[in-house]
Amino acid sequence: MNHYDIAVLGGGLAGLSLLYHLERARKMDGRKILLVDPEGRKSAHDRTWSFWEKHPGPFEHLVYHRWPAVTVHNDYREVDLNLAPFEYKLIRSTEFYAFVNDVIDARPEVTRIKGFARDVVSEGEGVTFRIDNAAYRADTAFSSIPLHLPPGPNKDYPYLDQHFRGWFIETETDVFDPTTAALMDFRTPQEKECRFFYVLPFSPRRAMVEIAIFSNRHLQREEYDRLLADYIREHWTTAPYDINHTEEGNIPMTTYRFPYRSGNLIYIGMAGGATRPSTGYTFFGLQHQLREVAQRFPDTAPVAAWPRRHILYDAILLRILEEGTIPGSDIFVNLFADNPSTRVFDFLNGESSVLEELKLMSTMDILTFGATFLKEVPRHLVA
Ligand SMILES: Cc1cc2nc3c(=O)[nH]c(=O)nc-3n(C[C@H](O)[C@H](O)[C@H](O)COP(=O)(O)OP(=O)(O)OC[C@H]3O[C@@H](n4cnc5c(N)ncnc54)[C@H](O)[C@@H]3O)c2cc1C
């Protein structure tokens, strides 16, 4: 049996981030480490990670574009937000994978295997698994192997998919303002769901335009494309443009209590509940969580990506969206319109004080949110 001190199963965002933070915390020294991923050394442009942040983050030099301002729209309200002291930042997977993989490959302690880790089981003081026909054992394993949850509705926890498809377009004339991103633009028929566009301009002629839908009913690819084409024509340009790259995916939005660990098998990334349930954003919370996990290692006590009370707030919001009690287009646009942007972004990053949270809640539909709170709180306590 091949033996390692640490096995990292999954070399996507979470696995690579963990190894990076372990390296920076000098926790690799003298340890035998295994990294397993079926895609090997990842390099593709398969993700664009955006997040808002007040201070320089651990991958500041990889930021591909940053926006000091964003807009939020629905059919009858337009909100222009100056984000200071925040910035909205974007890191492309291409630069992230290249940089972190180089850091990892410079460390002789790390062995890579291209393959699927299977039969991953916590056993006694360690974790066993197989890759092809070979058996492996690690004292501690960190797994970000995707976990497939049954889609909602579920009475114990709300569940909505955030399914999306985006185009990276290039126009022939100047169309965009590269200092301002459209964070949520709800100007499209909502079809009793929560549907919005997201526009990230990189230059006056280049932008990513994405449609995101919070619902458990996915569309055919042609339907996302039709919505994207209509939106660009109605709100940005009627002139021809090129589509240079596309991105699509699905992010489960749920307050399902993801297991943190089973013995010395520790779940990280989306599979470990690092995705903020109400937004699908993961990058920011994950970096903070994994930096602390690395600094504390070999102590493996749980470190939450998001504060527990924020998960309760998210359960309330998700349940309202799931049941369609208040349209998402009203909730999100009013949230930004009726609060200072710092309060909203601190809240969404899980960094707000209870006082600021109470002020934010006082701007919401108190009756609906209060009634949903009373229903969700017992489930939250027992879950
Ligand atoms: C297209 C897209 C865009 C996103 N944009 C944002 C964004 O802007 N901001 C944000 O905060 N979040 C975003 N997210 C959400 C989240 O940040 C990403 O999904 C992120 O990649 C999650 O990290 P992860 O490590 O959990 O999963 P992944 O990055 O998907 O990594 C999981 C890894 O496990 C590997 N694997 C699978 N099976 C096995 C196995 N049996 N053994 C070993 N390895 C295995 C896979 O090959 C993969 O490399 C986005 C998600 C997607 C899909």
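Quantities reported herein were computed from a predicted structural model and do not represent experimental measurements. Every number for a ligand or one of its atoms is a count from 1 in the order of the listing.
If you number the atoms of ligand 1 from 1 as listed, the ones under 4.0 Å from a heavy atom of F116 come out as 40 (C), 41 (N), 42 (N). Here is the list of ligand 1 atoms found below 4.0 Å of a heavy atom in F283: 10 (C), 11 (O). Set against the non-hydrogen atoms of D46, the atoms of ligand 1 under 4.0 Å away are 1 (C). For ligand 1, the atoms sitting less than 4.0 Å from at least one non-hydrogen atom of V36 are 43 (C), 44 (N), numbered in the order shown with element in parentheses. Listed by atom number, the atoms of ligand 1 under 4.0 Å from E39 heavy atoms are 47 (O). Listed by number with element, the atoms of ligand 1 under 4.0 Å from a non-hydrogen atom of G269 are 26 (O).
At a heavy-atom distance under 4.0 Å, atoms from both the backbone and the side chain of M270 approach ligand 1. By the criterion of a heavy-atom distance under 4.0 Å, the backbone of E248, and not its side chain, is placed next to ligand 1. Counting heavy atoms closer than 4.0 Å to ligand 1, residue P146 contributes side-chain atoms (C-beta onward) but none from N, CA, C or O. With a 4.0 Å heavy-atom cut-off, ligand 1 is reached by no atom of T275. Residue L90 does not touch ligand 1, judged by heavy-atom distances below 4.0 Å.
Distance from atom 41 (N) of ligand 1 to its nearest protein heavy atom, with residue and atom name: A117 O, 3.1 Å. Among protein heavy atoms, atom 44 (N) of ligand 1 sits closest to P38 CD, 3.2 Å. The protein atom (non-hydrogen) at minimum distance from atom 34 (O) of ligand 1 is G10 CA, 3.6 Å. In this structure, atom 32 (C) of ligand 1 lies nearest to the protein heavy atom S144 O, 3.6 Å. The protein heavy atom nearest to atom 25 (O) of ligand 1 is A14 N, 2.8 Å. Nearest protein neighbour of atom 7 (C) of ligand 1, counting heavy atoms only, is S50 N, 3.4 Å. Nearest protein neighbour of atom 14 (N) of ligand 1, counting heavy atoms only, is I251 CD1, 3.6 Å. Protein heavy atom nearest atom 31 (O) of ligand 1, with residue, atom name and distance: G12 CA, 3.4 Å.
Heavy atoms only, all atoms of each residue included: W306 and L348 are closest at CZ3-O, 3.6 Å. Scanning all heavy atoms of the two residues, the minimum distance from N216 to D161 falls at OD1-N, 3.0 Å.
The closest non-hydrogen atom to atom 35 (C) of ligand 1, taken over D37, L13, T279, comes from D37. Taking each of V8, I145, T48, D119 in turn, the one with a heavy atom nearest to atom 39 (C) of ligand 1 proves to be I145. Within the set T282, I113, L290, L35, the minimum heavy-atom distance to atom 12 (N) of ligand 1 is found for T282. In this structure, of W49, Y97, F164, Y281, the residue bringing a heavy atom nearest to atom 3 (C) of ligand 1 is F164. Nearest residue to atom 51 (C) of ligand 1 from K42, K89, R47 is R47 (criterion: closest heavy atom).
Taking a 4.0 Å cut-off on heavy atoms, L286 fails to register as neighbouring ligand 1.
Y224 pairs in a side chain to side chain donor-acceptor pair (under 3.5 Å) with only one of the listed residues (H163, E248, E210), which is H163.
Salt-bridge annotation for E223 and R165: absent, with no side-chain N of the basic residue lying under 4.0 Å from a carboxylate O of the acidic one. Under 4.0 Å is where a charged nitrogen must lie from a carboxylate oxygen, and between D230 and R187 no such pair does. For R41 and D102, the salt-bridge test passes: some basic side-chain N is under 4.0 Å from an acidic carboxylate O. Classification of R309 and E357 as a salt-bridged pair holds, one side-chain N sitting under 4.0 Å from a carboxylate O.
Below 30°, between 30° and 60°, or above 60°: for F59 and F96 the angle between ring planes is above 60°, a perpendicular geometry.
We find the SG-CD1 distance between C194 and I320 to be 12.5 Å, quoted to the nearest 0.5 Å. The CG atom of N244 sits 9.5 Å away from atom CD1 of I169, with the distance rounded to the nearest 0.5 Å.
The backbone N or O of F186 sits nowhere less than 3.5 Å from a side-chain atom of N74 that would complete a donor-acceptor pair.
Remark: aromatic rings of Y20 and F99 are close, center separation under 6.0 Å. A distance below 6.0 Å separates the ring centres of F258 and Y256.
Cation-pi geometry between R276 and Y281 is not satisfied (NZ or CZ under 6.0 Å from the ring centre, within 45° of the ring normal).
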Test ring pair (Phe, Tyr, Trp, His ring centres under 6.0 Å) on F176 and W236; report intermediate values, then the result. CA-CA 8 Å; F176 303 106; W236 297 94; 5.3 Å; yes
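Protein heavy atoms come within 4.0 Å of atom 47 (O) of ligand 1.
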